[in-house]
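Throughout, protein chains are lettered first and strands after them, A, B, ... in sequence-line order, and every chain is numbered starting at 1. All values below come from the heavy atoms of this structure, side chains included, with hydrogens, waters and symmetry mates left out.
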Amino acid sequence: MSRWILHADLDQFLAAAELLRRPELAGLPVVVGGDGDPDSRTVVATASYEARAHGVTSGTPMKLARRKLAKHRPDAVFLPSDTAYYQRVSDEVMRLLRGLGEPVEVIGWDEAFVGTDGEPWALARRIRTTVATTGLSCAVGIGDNTLRAKTATGYAKPGGIHELTAANWFATLGQDPPSALPGVGPATTRALAELGITTVAGLAEARPGDVAARLGPHRGPYYVSLGRGMGRTELDTGPWVPRSRSRETTFPADLTDRADLHAELRVLAHRVADDVAAEGRDCVRVGIRVRTRTFRTTTRSRALDPPGRDAGAIAALAAVLLDELAPDRPVRLLGVRAELADAA
DNA sequence: TCTGGGGTCCTAGGACCC
DNA sequence: TCTGGGGTCCTAGGACCC
């Protein structure tokens, strides 16, 4: 248990990582996402601040991003997402953070918690200078638990430091909508509004039982605790152990032919099987995902009996599930997922 | 405007068992 | 003969995050 939790978040990570190896792009709007095909049906993963200035943010459809930037920034640069490279850059940053001698919990490519019993502002500045040695920059949130640290980072971006504790929690965001809290999205915000809860302070004062009746026995009380600013003070410093592996593809054009669908499914299943084998663990359950032209998404899953990592067995079960699902509309996306056995 | 890919966790209903 | 309640597993879907 740590007295202070710090949350480090790399600024515009994917775009910044690209600038590391292409310094000549500095100052230009840089948009990372998809496979680099200008017409692909994909979205922006990360946009540099120069691109954000023109309304291009994460999640913007790539075609729309091109249109928005074409007007004012014909010099904008579009790059395909190179996940293997970003992972290497991330690994190096996390290695440096672990070198600080404090507990570190990695929670994403570009985010980590660092715990300390020492002076948190001094550590926050050390984190920023340490990360800067890689050529990247980060914002740091300081909190008395993980939730307050992560929330604080939102006030620190880009590249700053902000502290959020029990002392200033409600003064800072008590009147903000519940969606200001990490883990509360649009659907939950809507459901809470139906209960008359429209602010973080209101959520904190709600009766957990009332929220549970609307949002579930576990989630209801959890949301109330979020409103109160409660979070962990214990970090999980162990390596991340994946619970599932999946691969999915949105096709350039919708597929209707059953043989085409099965051929694509087989490719995905084999890629998943490769990932499962690389984990050195068995697959216990196989799932597929089908999204049709109308964007309706359905899933099917079934236990793999016996569990294993044989690509043929995983692909065969995926094929059975696709036949059962038998989509009757043109298919936009196919996905295959393997749930992994508990690590030994 | 036309909506990615890779993940995690929770919920709820039905089956099944005692 | 009829009725019960609780626990657990399986599965589909929802919500959210980066």
field: Distance, rounded to the nearest Å, where A/R66 contributes CZ and B/dC2 contributes P
entry: 13 Å
- line: Nearest-nucleotide check on DNA chain B, A/F295 vs A/R271; residue mapping nearer the 5' end is A/F295
- request: Mark up nucleotides 9-16 of chain C, 5' to 3', with B wherever a protein heavy atom is under 4.0 angstrom from a base atom, S wherever such an atom reaches only the sugar-phosphate, and - elsewhere.
  value: --SSS-SS
message: Does B/dG4 have OP1 or OP2 under 4.0 Å away from a side-chain N or O of A/R332?
response: yes
- prompt: Roughly, in whole Å, what's the span from NE2 in A/H7 to P in C/dC17?
  reply: 12 Å
- prompt: DNA chain B: A/D275 or A/S40, which has the more 5' nearest nucleotide?
  reply: A/S40
d(CG, A/D110; P, C/dC17) in whole Å: 14 Å
- prompt: Taking the six-membered ring for Trp, are A/Y86 and A/W109 parallel (under 30°), tilted (30 to 60°) or perpendicular (over 60°)?
  reply: perpendicular
Residue pair A/I127, A/C138: steps toward the side-chain contact (heavy atoms from CB on, under 4.5 Å) verdict: CA-CA 8 Å; A/I127 288 172; A/C138 70; 4.0 Å; yes
- line: Closest to the side chain of A/K63, out of B/dT8, B/dG4, B/dT3, is B/dT3
task: Taking all heavy atoms of A/P182 and all of A/K150, pick out the closest pair and write down the distance.
output: CB-CE, 3.9 Å
- prompt: Does a side-chain N or O from A/T250 land closer than 4.0 Å to OP1 or OP2 of B/dG5, or not?
  reply: yes
field: Whole-Å distance separating the CH2 atom of A/W240 from the P atom of C/dC17
entry: 18 Å
message: Name the residue from A/Y155, A/W4, A/W121 that meets the side chain to side chain donor-acceptor pair (under 3.5 Å) definition with A/E163.
response: A/W121
task: Dump the intermediate steps for side chain to side chain donor-acceptor pair (under 3.5 Å) on A/T294 and A/T292, then the final yes or no.
output: CA-CA 5 Å; A/T294 56; A/T292 56; 3.2 Å; yes
Distance, rounded to the nearest Å, where A/L334 contributes CG and B/dG4 contributes P: 14 Å
query: Say you pick atom C1' in B/dC16 and the same atom in C/dG4; how far apart are they, in whole Å?
result: 15 Å
task: Check every strand shown and say whether A/R67 touches a base, only sugar-phosphate, or nothing at a heavy-atom separation below 4.0 Å.
output: sugar-phosphate
- request: For the residue pair A/T116 and A/E102, confirm or rule out a side-chain donor-acceptor distance under 3.5 Å.
  value: yes
field: Heavy-atom closest contact (A/P307 atom, A/V284 atom, distance)
entry: CB-CG1, 4.1 Å
statement: Looking only at B/dG4, B/dG5, B/dT1, the nucleotide nearest the A/R291 side chain is B/dG4
- prompt: Whole Å only: how far is the OH atom of A/Y86 from the P atom of B/dG5?
  reply: 15 Å
task: Round to a whole Å and report the spacing from NZ of A/K71 to C1' of B/dT1.
output: 12 Å
message: Using a 4.0 Å heavy-atom cut-off, does A/L333 contact any base of the nucleic acid, only the sugar-phosphate backbone, or nothing at all?
response: sugar-phosphate
Pair assignment for DNA chain B - dot-bracket with | for other-strand partners, Watson-Crick or G-U under 3.5 Å: ....||||||||||||||
- prompt: If you check every side-chain atom of A/R245, which of B/dG7, B/dG6, B/dG4 has the closest atom?
  reply: B/dG7
- prompt: With a 4.0 Å cut-off on heavy atoms, is A/S58 in touch with a base, just the backbone sugar-phosphate, or nothing at all?
  reply: nothing
message: So that I can tick it off, tell me whether A/D282 and A/R309 are bridged by a salt bridge, with the cut-off set at under 4.0 angstrom between side-chain N and carboxylate O.
response: yes
- prompt: Among side-chain atoms of A/S246 and A/R337, is any donor-acceptor pair under 3.5 angstrom?
  reply: no
task: Tell me what A/K150 touches on the nucleic acid: a base, only sugar-phosphate, or nothing, going by heavy atoms under 4.0 Å.
output: sugar-phosphate
- prompt: In whole Å, what is the span from the CH2 atom of A/W109 to the C1' atom of B/dT8?
  reply: 16 Å
- prompt: Is the shortest side-chain N to carboxylate O distance from A/E234 to A/R232 below 4.0 Å?
  reply: no
